[in-house]
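Remarks on the structure that follows.
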Amino acid sequence: MISVACLTKGSTSDEAAKYLFGAHNDDINYTYHRMIADVFLSTAEGRTDYAIIPIENTIDGSVSLHTDWLVDEVNLPIQAEWVYPSIQNLIGSSTELLDDAGGLAYGRITKVMSHPVAMAQCTQYLKRHLPHAELEHVGSTSEAVRIVRDNPGLGWAAIGQVTAAADNGLSVLETAVTDHDNNFTRFLLVGDKPFTVRESAAHKTSILITMPEDYPGALHQVLSAFSWRRINLSRIESRPTKKKLGNYYFLIDIEMSLDTVLLPSAIAEIEAIGCQVRVLGSYPSFKYETAGA
């Protein structure tokens with residue numbers, strides 16, 4: 001049986017994991033954790049085969065904490081990526097937060113809690129309807145729902161998923177409270193074992209490039225190695241090395257498998273100019289429309 005570490009039951013990560021594995025979920029043993037550090041460590045320490053990591057969102061961009069863990073704290077290859085819609089809802093007690101006519105009484109809500117990424121996805125909604133409410137970040141959306149469940153009568157609400165509301169006996173007070181309709185989260189499956197549950201025609205490779213020094217044209221030389229070979233890059237991001245102020249490494253996602261002729265030669269060219277290249281993984285990439293097929 002495959003063992004998978006994931007953020008708490010009822011979170012977007014939980015829903016996304018079950019979407020990826022699809023019909024194979026009966027063969028999956030899920031281990032749930034409140035903090036992303038414990039998700040990573042569960043797999044890094046060999047207690048689970050894989051970890052589910054939300055890494056990027058349409059609205060909020062890259063999740064810096066999760067990226068830093070992937071790069072600096074553990075050595076877990078990326079085995080698959082997929083996207084999943086992040087549909088956030090306002091959750092709470094209907095008897096406490098609805099008025100006599102059955103409408104949502106915004107004025108009764110004193111606090112809203114959620115994961116910081118989910119909260120950021122609902123910024124305009126919160127400003128428009130709940131500017132008076134205290135906002136509190138917690139480890140996951142499902143944890144926020146549980147906290148609301150365990151503290152009745154205080155006017156607290158959570159931003160989270162429908163499944164979490166049902167699991168905790170709360171109501172969805174308002175659906176789809178995100179600021180944009182096209183709100184998707186990109187997830188990574190990381191671990192030492194290759195992902196063989198399903199196949200995809202699309203593949204990506206993620207690499208980490210560290211420059212030998214900050215000199216004019218260094219990044220241009222790196223990108224040229226891909227450009228003249230017509231290798232498409234889907235993402236490039238700079239992150240601090242944490243060694244010296246102003247020193248950065250570059251995370252690059254490449255729309256090509258490492259099992260080609262062109263990509264290994266591009267990496268060799270980059271290394272030849274003095275850069276360090278670390279391959280974070282070469283893996284199948286699943287779109288939302290096809291991942292569950």
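For reference, positions follow the sequence shown, starting with 1.
- In this structure, Phe195 and Phe21 have perpendicular ring planes: the angle between them is above 60°, well past the 30° mark.
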ask   = Checking side chain to side chain contact (heavy atoms under 4.5 Å, CB included) for the pair Val148/Ile91: CA distance, chi angles, key distance, verdict?
value = CA-CA 9 Å; Val148 170; Ile91 295 169; 6.0 Å; no
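- No hydrogens or angles considered: nothing links the side chains of Tyr32 and Ser11 as a donor-acceptor pair under 3.5 Å.
- The aromatic rings of His129 and Tyr125 sit tilted relative to each other, their planes meeting at an angle between 30° and 60°.
- For Thr141 and Gln88, the side-chain atoms include no donor-acceptor pair closer than 3.5 Å.
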request  = Determine, stepwise, if the pair Ser3 / Asp49 fulfils side chain to side chain donor-acceptor pair (under 3.5 Å).
outcome  = CA-CA 5 Å; Ser3 56; Asp49 298 318; 3.3 Å; yes
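- Cluster annotation: Phe250 is not connected to Trp69 through the hydrophobic network of ILVMFWY side chains, with a link wherever side-chain heavy atoms come within less than 4.5 Å.
- Between Tyr84 and Tyr288, the ring planes lie perpendicular to each other; the angle is over 60°, past the 30° to 60° tilted range.
- Within a 6.0 Å radius of NE2 in His220, no more than 12 heavy atoms belonging to other residues, nucleotides or ligands are found.
- Ring geometry, Phe187 versus Trp82: the interplanar angle falls under 30°, so the pair is classed parallel (tilted spans 30 to 60°).
- With Thr205 as the partner, the side-chain contact (heavy atoms from CB on, under 4.5 Å) test is satisfied by one option alone out of Leu263, Ile78, Ile252: Leu263.
- Here the CD-CD distance, from Glu134 to Glu136, works out to 6.0 Å after rounding to the nearest 0.5 Å.
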task = Let me see the working for Thr163 and Lys18 under side chain to side chain contact (heavy atoms under 4.5 Å, CB included), right down to the final yes or no.
result = CA-CA 12 Å; Thr163 52; Lys18 290 182 170 63; over 6 Å; no
